Amino acid sequence: MSDDLERLKREASERLERITSEDDLADWHRDFLGRQGQITSAMKGISQLPAEERPAFGQAVNALRNELQEAFDNRQDQVLAASLQSRLQQESVDVTLPGRTPLAGTLHPVTRMIREITRVFGLMGFQTVEGPEVEDAYYAFDALNIPQDHPARDVWDTIFIESEQREIVLRPHTSPMQIRTMEQVEPPVRVVVPGRCYRYEALDATHEWHFHQIEGLAVDTSITMTDLKGTLAEFARQIFGQERKVRFRCDYFPFVEPGVDFAIDCMFCEGKGCRVCSGTGWIELLGAGMVHPNVLRHVGYDPDVYTGWAFGMGIERIAMLKYGIEDIRHFYQGDVRFLSQFNRVFA
Ligand code: PHE
């Protein structure tokens, strides 16, 4: 072998031995075995040799190429094995660590309260229906015996939607669904209507600009106030305890006659008087009454044949009383510390 080839072999071998990285391996391969590498240029040098020396030189270069290729393959195996080994050490997983519990979402307390209340009324034969939150003023007021310009219209601090043709509102109560339901079906009617309501209201611990109500409606032949009291007493005892006493007092709503407010004895002080019941011993839960004959006429029910009653309650208020929540604004601040407390309560 010529001196040049000897030198080439020594240089290549020495460099190869020092290589520890894949990048250096690639450089080495390019410099010696690549298309522009030293073996290729040695082969090109053959043309300068006398004809009789060419075959021997050609064989020597080929032998050297094969030798270097083999040495390269071995070195490459060693380098890859070493780097795999160190990666395995660095990236190893400690399978003895405890797993992380994923955060599971839960139902909002208002959703759970709606399910609890509609379940109680469901057991008494009431179907749950829902209606639109963006409502025609006809359903929100007129058909409920609250004509345009009637002062009672101001009682519901309504949020109006701009509209050229008709008066459109965000419903301030669920009572419009009384009308929509009766328009759809003939008596007997027994429905409860949970849903979101909106009022233009100054916010404080008991007022939100949006909140939820559940409406109840029963219409049939010979429905009386006694049925109303019995149904509401059963509801109150299912939610607040079997020992609850109930109370009706006169109240005014344009769409009922007579109208009442329904209260239970205070479960915090057993009726003695405390902070929650403002010292009265009673807690007002909802408004109710016998459906006004004008309302029945509006939907084409004959008030001489059919009677009925309706009630409407604020769902947040029920949840606040049941679970001792002191501020309605907690419901809508999205604070997980508040919301997650209801995982267990409603199990
Ligand atoms: N809609 C009334 C309110 O929002 C409550 C109510 C419903 C009263 C049904 C009587 C009958 O205050």
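Just so it is clear, the values below take in all heavy atoms, side chains as well, and ignore hydrogens, waters and symmetry mates. For ligands, and for the atoms within them, numbers begin at 1 and follow the listed sequence. Nothing here was measured: the structure is a model prediction, and the numbers come from that model.
For R237 and E243, the salt-bridge test fails: no basic side-chain N is under 4.0 Å from an acidic carboxylate O. Between E208 and R199, no side-chain nitrogen of the basic residue sits less than 4.0 Å from a carboxylate oxygen of the acidic one, so the salt-bridge criterion is not met. A salt bridge is absent between R18 and D24: the closest approach of a Lys/Arg side-chain nitrogen to an acidic carboxylate oxygen does not fall below 4.0 angstrom. With respect to K9 and E67, a salt bridge is recorded, a charged nitrogen being found less than 4.0 Å from a carboxylate O.
For ligand 1, residues of the protein lying within 4.0 angstrom by heavy-atom distance are W156, H173, S175, Q178, R199, Q213, E215, F253, F255, V256, G287, A288, A310, F311, G312.
The cationic group of R166 does not satisfy the cation-pi geometry with Y138, failing either the under 6.0 Å distance to the six-membered ring centre or the 45° limit from the ring axis.
In summary, the aromatic rings of W209 and Y200 are positioned with their centroids too far apart to meet the 6.0 Å limit.
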